[in-house]
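The next block holds one structure in the form of structure tokens; read it before the comments.
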Amino acid sequence: MSTLAIGKAEPTAGTTPGTAQGRSPLRRRVALLPTITLLLGAAYCLLPVAWVVIAATKSGRELFSTFTFLPGTGFADNFSDLSAYRDGVYWQWMGNSALYAGLGALLSTCVSAFSGYALATYRFRGRETMFNVLLAGVLMPPVILAIPQYLLLAKADLTDSYLSVLLPQILSPYGVYLSRIYAAAAVPADVVEAGRMDGASEWRIFTRIALPMMIPGMVTVFLFQFVAIWNNFLLPYIMLSNDEKFPITLGLHTLLEQGANTPALYTLVITGAFLAVLPLVALFLVIQRFWSLDLLSGAVKS
């Protein structure tokens, strides 16, 4: 009786067992394409930011006479001139933006949380129709709504006021959409029913049970709304005429227009744009930490 010995091929020198022995260099190059594409996209997005950071350090003479990405020596003078411009109106614009974005994002997040929880938890007639109308609002460009909003607020004699910028920002269709999706996924119906069986009111169930579960999603809504309101230009441009109520975007726009006749103001515009980015970076860093903590804790806290 004879037996056949089947020999197993030994791995060749320089190869790792369990890997494809004949992987071609072309396949490895193709695998690098996504990384290269992401690096190019990151460079495309970060290059203007790097230019603003470096240009903010240059004096008016250095801005037009030195290499683009060579740092200058005039940041301290630019900062001092910007702070002294019209008795510090820049910092008033910055405070206005903080008011519009901070209060507007907070109110919008509250409205989105209430609305999203109600749409996800309660069953009532017309719920899906209302939600579909909200989805249509997500697809509606803000530029289309700006003029009707101005006409409505003009009828109420609210134009050229802080409320004319705050009120249109409170209701965010995208925020309500995100809140409903997150509430439906994060708040189990059994937990809500258990709270009702224990005699808790609907308000207590929302504030003590559902809201802690929804906080990571609400932080996302707050961040999106804050950035959107901070960067908003069209609505304040239409609503406001008193430059002391301007947000930072509109204030820098007026400085840029004046820079066409006074080139020395260009350095103030660039320095102001650099300083205007810092609150967004700081907010993202703070919220990123808050995000990770909430994702770990969730609604375990009572």
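All values below come from the heavy atoms of this structure, side chains included, with hydrogens, waters and symmetry mates left out.
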**Message:** So, using ring-ring contact (aromatic ring centres under 6.0 Å, His included) as the criterion, who are the partners of W91 when residues are at least two apart?
**Reply:** F79

**Item:** Path from L63 to L70 over hydrophobic side-chain contacts below 4.5 Å
**Value:** yes

**Request:** Please name all residues satisfying salt bridge (charged side-chain N to carboxylate O under 4.0 Å, His left out) with D77, sequence neighbours left out, ordered by chain then number.
**Result:** none

**Test item: S164 side-chain N/O and S161 main-chain N/O as donor-acceptor pair under 3.5 Å** = yes

**Asked** Got a sec, which residues hit side-chain hydrogen bond (donor to acceptor under 3.5 Å, both in side chains) with T207, two or more places apart in sequence or on another chain?
**Response** none

Using a 3.5 Å cut-off and no angle test, enumerate the donor-acceptor pairs between side-chain atoms of residues 34-48 and protein atoms at least two apart in sequence or in another chain.
unit_1, atom_1, unit_2, atom_2, d
T37, OG1, L33, O, 2.8

Under 3.5 Å, which donor-acceptor pairs link side chains of residues 227-237 to any protein atom two or more places apart or in another chain?
unit_1, atom_1, unit_2, atom_2, d
W230, NE1, A276, O, 3.3
N231, ND2, V227, O, 3.2
N232, OD1, L234, N, 3.4

**Request:** Could you tell me whether a side-chain N or O of T57 sits under 3.5 Å from a main-chain N or O of I54, the two making a donor and an acceptor?
**Result:** yes

**Message:** According to ring pair (Phe, Tyr, Trp, His ring centres under 6.0 Å), does anything in residues 136-155 pair up with another residue at least two apart or in another chain? List the pairs.
**Reply:** none

**Asked** Residues in salt bridge (charged side-chain N to carboxylate O under 4.0 Å, His left out) with E244, at least two apart?
**Response** none

**Asked** Can you name the residues that form a side-chain hydrogen bond (donor to acceptor under 3.5 Å, both in side chains) with T66, not counting sequence neighbours?
**Response** K58

**Request:** For Y100, check ring-ring contact (aromatic ring centres under 6.0 Å, His included) against everything at least two apart and list the hits.
**Result:** Y162

**Prompt:** Within the distance-only criterion (no hydrogens, no angle test), does the side chain of Y117 pair as donor or acceptor with the backbone N or O of F206 below 3.5 angstrom?
**Reply:** no

Using distance only, find each side-chain donor-acceptor pair of residues 104-111 under 3.5 Å and give its atom names and separation, not counting sequence neighbours.
unit_1, atom_1, unit_2, atom_2, d
S108, OG, I170, O, 3.1
S108, OG, Q225, NE2, 3.2
T109, OG1, A105, O, 2.6

If you look only at distance, which donor and acceptor atoms sit under 3.5 Å apart when one is on a side chain in residues 125-132 and the other is two or more places apart or in another chain?
unit_1, atom_1, unit_2, atom_2, d
R127, NH1, L119, O, 2.9
R127, NH1, Y122, O, 3.2
E128, OE2, R180, NH2, 3.1
N132, ND2, E128, O, 3.1

**Item:** Selection residues 82-104 - residue pairs positive for salt bridge (Lys or Arg N to Asp or Glu O under 4.0 Å), sequence neighbours left out
**Value:** R86-D243

